Amino acid sequence: MRIDAHGLAWAAGGRTIIEDVDLVCEPGTVTGLLGPNGSGKTTLLHVLAGLRRPSAGRARIGGDDLHRMRGRRRALRLSLVEQDASTRLDLTVRQVVELGRVPHRGRWQTEYDDPVVEQSMRLADVETLADRHWSTLSGGERQRTHLARAIAQEPAVLLLDEPTNHLDLGHQIDFLARVRGLGLTTVAALHDLELAAAFCDHLVVLDRGRVAASGPVGEVLTDDLVADVWGVDANVVPHPVRRRPHLCWNDTLDREVRA
Amino acid sequence: MGFALVVAVVVLGFSMAFALGVGSVPVPVTDVLAVVARRFHFGDLGVSVADDQIVWQMRMPRVLGAAAVGAALAVCGAVLQSLTRNDLADPYLLGISGGASVGAVTVIVLGVPVLGLLGTSAIAVAAFAGALASLGLVLGLAAGRSGSLSPGRTVLAGVAIGQVCAAYTSFLVIVTGDRDAARRVLEWTLGSVAGLRWGTSVPLAALAVVATVCVIGISRQLDAFAFGETSARSLGIEVTRLRWTLLVGTALVTAVLVSFVGVIGFVGLVVPHMVRLLTGPGHVFLLPMSALVGGILLVWSDTLARSLIDGREIPLGVITGVVGAPFFAFLLRRHTGGAE
C-alpha cells in the first residue's frame, strides 16, 4: 500500500517538532528515516502510525486519510514496532505475537492455534522461542518477537522505530534483511547511516523537524549532507564489495575546527 | 485453563455450602445441600423448618453477598491494574473509599437522617453519594481540560482527594464523636457483610455477574495494554474511550459495594496478582478466575469473621489481610525463581 503525506506538522506545547514534511513511499519499498537525535523521527513515525494527529497537512495510506480512520481499521493496514517497548507481565513469546491478532478478532471470538501466529513466528525466526517468557529473552529475541507481532497484524505497511537499537552487528544485519524479505511497504527510523544505505531504497533525512533531503539512497547520502545535518566530516565512497554507498567518517566538524 | 475455571467454580460452591453450615447452630453439609435443593425445586429430601430458616433465610444472603462482593472487587482490581499498568491499583483507586467514608462517617457520628432514612440505609445512601462526589472530583482533577485520563495523574488525583477525605473523617471522629462512634466508624472502615439481606445480596450478585461478563467481553482490549498505551493504540484500541468507560464503570461498581459493605481491603489488590501467578496474564482467564477466587476468599474470610470469636464479629478487612497475605507471600516466593 502506498503512503503519501503532504505538509505534515506536529507541535507540542507551542513547540514545533516537525514541520512541512512531504513523504511518499511506494508499495513494497523500504524508506529510511534519518536524522540526528531530536530531529523528529519518532514524532513523524507516530504521526504516520496515526497515533498523533498532525497540526497541519495530511497523510494517506492506500488513498485514505490516515487520521480519519477508526483505530481498528488502521491497525489492519499498518503496524508499528516501537522503540524499547517492554512489559513486566509474564507473557510468552506466543502470547505477545497473538496481540497482533487483536484487530482481527471479534469481541467474543477465541481462536486457538491461529495459523497466522505460527507463520509470523516463523518469518521472524522466533518459533523455537514460542513458549519462552518475555523476561528471559535477549534484546535481539525481543526485537524479533515484536517483529513477529507486527507481522501477525498482516499489515500492508510496517513502521519501525530504531529497530536495531541495542542489537549487535550480526543481529542488526539479520533483522533488517528479514524486514526487507517481507516485501512490505516499510518506513524505518534508523540511526546507523551504514545500515540505512545497505537496506533502504529511499532515504528521508530530517533536520530540526524539516526534511533536509529525500530521494534514492545514492543521491541523498553525500559528504555535504553528512556535514550539514550531523556536523561530521565524512567521505561517502562505494562499498568495496556491495557497491552501495559506504560512509567513512573522519571527525566531527567542530572538533576539527578547534584542532 | 478451562479446567482451572471448573475447579474454581466447584471450590466456590463447596465453600459456600460449608459456610452455610457454620455458625452458632452448626448444620451438617448434607442438610445444607438438602435445603438448597428444596429451595431450587430439585426435590424434597426432608428438611426441618429450623434448618431452612437458618440456612436459607439467615445465612444464605450473607454468604451469597460475600461471594458477590469478593468477585466484584477482584474483577475491578484486575481491570484497573491492567488499565493503569500499576501493580498497586485497587478498586478504591479513584477516591471511592475516601468519599464513601465522608458520607458514612458523617451519618454515623452526627446521626443525621438521609432522605428520611436512619441507620444502615442512611449510611448506605450517604456513602454512595460521597463516593460519587469524590469520583467526580478525582476525574475532574485528573482529566483537566485535556479530557484524556493519564493513569499517573488519575492515581495521584485519587490519592490527593483520599487524603482530604481522611482528614475530614478523622477530624469529625476526634472532635465531635464519642468513643462508641469511633468504634463504629472503625468497624465500617474495615467492612462487614453482616448487614446483607436477600433484598441486597441478590442485586449485588447480579451486579457481580454482569460486571464480570462485561469485562470478559473487553478482555482482548485489556491484553493489548501489555506494552503500554502507544502499543494498545497501534493495535487499534480507542484508548481514551476505553479508559473513561472502564475507570467510571469500575468506580460505580465499587461505590455500590462500599455503600453496602464498607471498605474491604486486600481482595481487589491482591487476588488479581495471585491469579496472574496461577494462570498467567491473559485476561480471558484472569478476569473470570479473579472473580471466582475473590468470591472464595471472601466467603472463607466472612466465615472466619463470624465464627472465630463466640458472639463477636471480627471486621472482614482484618480477616482478608490475615488470610490473604500469607498465601500471597507463598505464591510470590514460589515464583521468584522464574521471572526477573
Side-chain angles (χ1 to χ4, degrees), chain A residues 13 42 45-46 48-52 69-92 94-96 98-112 131-137 142 145-146 149-150 152-153 155 157-159 161, chain B residues 1-2 5 78 81-88 146 148 213-243 272-273 275-288 331-332 334-340:
Chain A
T42 297
L45 217 49
H46 281 195
L48 291 177
L51 301 173
R52 293 178 185 177
M69 278 184 195
R70 291 191 68 89
R72 185 168 169 186
R73 188 154 158 249
R74 194 164 52 223
L76 292 172
R77 291 197 184 179
L78 62 81
S79 59
L80 168 72
V81 174
E82 282 177 90
Q83 208 182 130
D84 298 330
S86 192
T87 183
R88 283 177 300 129
L89 296 177
D90 204 20
L91 294 163
T92 64
R94 180 178 277 107
Q95 285 171 323
V96 175
E98 272 173 353
L99 290 178
R101 303 306 291 163
V102 166
H104 289 268
R105 289 178 185 168
R107 173 158 299 197
W108 298 103
Q109 190 182 350
T110 35
E111 201 174 319
Y112 298 97
D131 297 316
R132 285 266 301 278
H133 287 267
W134 180 260
S135 56
T136 68
L137 300 179
R142 287 183 180 195
T145 304
H146 275 310
R149 192 266 306 152
Q153 259 174 274
V157 173
L158 185 61
L159 304 176
D161 194 0
Chain B
M1 292 290 190
L5 282 178
Q81 283 166 10
S82 302
L83 202 59
T84 61
R85 287 182 99 203
N86 184 343
D87 284 346
L88 292 176
S146 68
S148 72
V213 171
C214 285
V215 294
I216 292 172
I218 47 108
S219 54
R220 195 157 291 123
Q221 272 128 299
L222 288 172
D223 284 342
F225 276 83
F227 288 88
E229 177 181 338
T230 310
S231 152
R233 293 178 61 199
S234 79
L235 288 170
I237 309 296
E238 309 285 351
V239 170
T240 304
R241 202 180 61 193
L242 185 70
R243 200 173 265 157
H273 289 302
V275 175
R276 246 178 240 116
L277 292 175
L278 292 169
T279 71
H283 287 85
V284 181
F285 291 108
L286 172 66
L287 295 171
L331 279 178
L332 267 185
R334 219 188 64 182
H335 276 263
T336 35
E340 311 220 31

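This is a predicted model, so every value here is computed, not measured. Order of the sequence lines fixes the chain letters, A, B, ..., with proteins taken first and strands second; residue numbering starts at 1 for each chain.
Comparing A:Leu91, A:Leu78, A:Val81, A:Leu76 by how many heavy-atom pairs each has under 4.5 Å with chain B, the most go to A:Leu91.
When atom types are taken as modelled, the side chain of A:Arg149 and the backbone of A:Val96 share no donor-acceptor pair closer than 3.5 angstrom. For the pair A:His133 (side chain) and A:Asp90 (backbone), a donor-acceptor distance under 3.5 Å is present. Between the side chain of A:Arg101 and the backbone N or O of A:Gln153, no donor-acceptor pair lies under 3.5 Å. Side-chain atoms of A:Ser79 never come within 3.5 Å of backbone atoms of A:Pro155 as a donor-acceptor pair (strictly under, hydrogens ignored).
When heavy atoms are compared at a cutoff of 4.5 Å, A:Ser86 approaches chain B solely by way of its backbone atoms N, CA, C and O. For chain A, the nearby part of B:Arg276 is the side chain; its heavy atoms alone come within less than 4.5 Å. Neither the backbone nor the side chain of A:Ala49 comes within less than 4.5 Å of any heavy atom in chain B.
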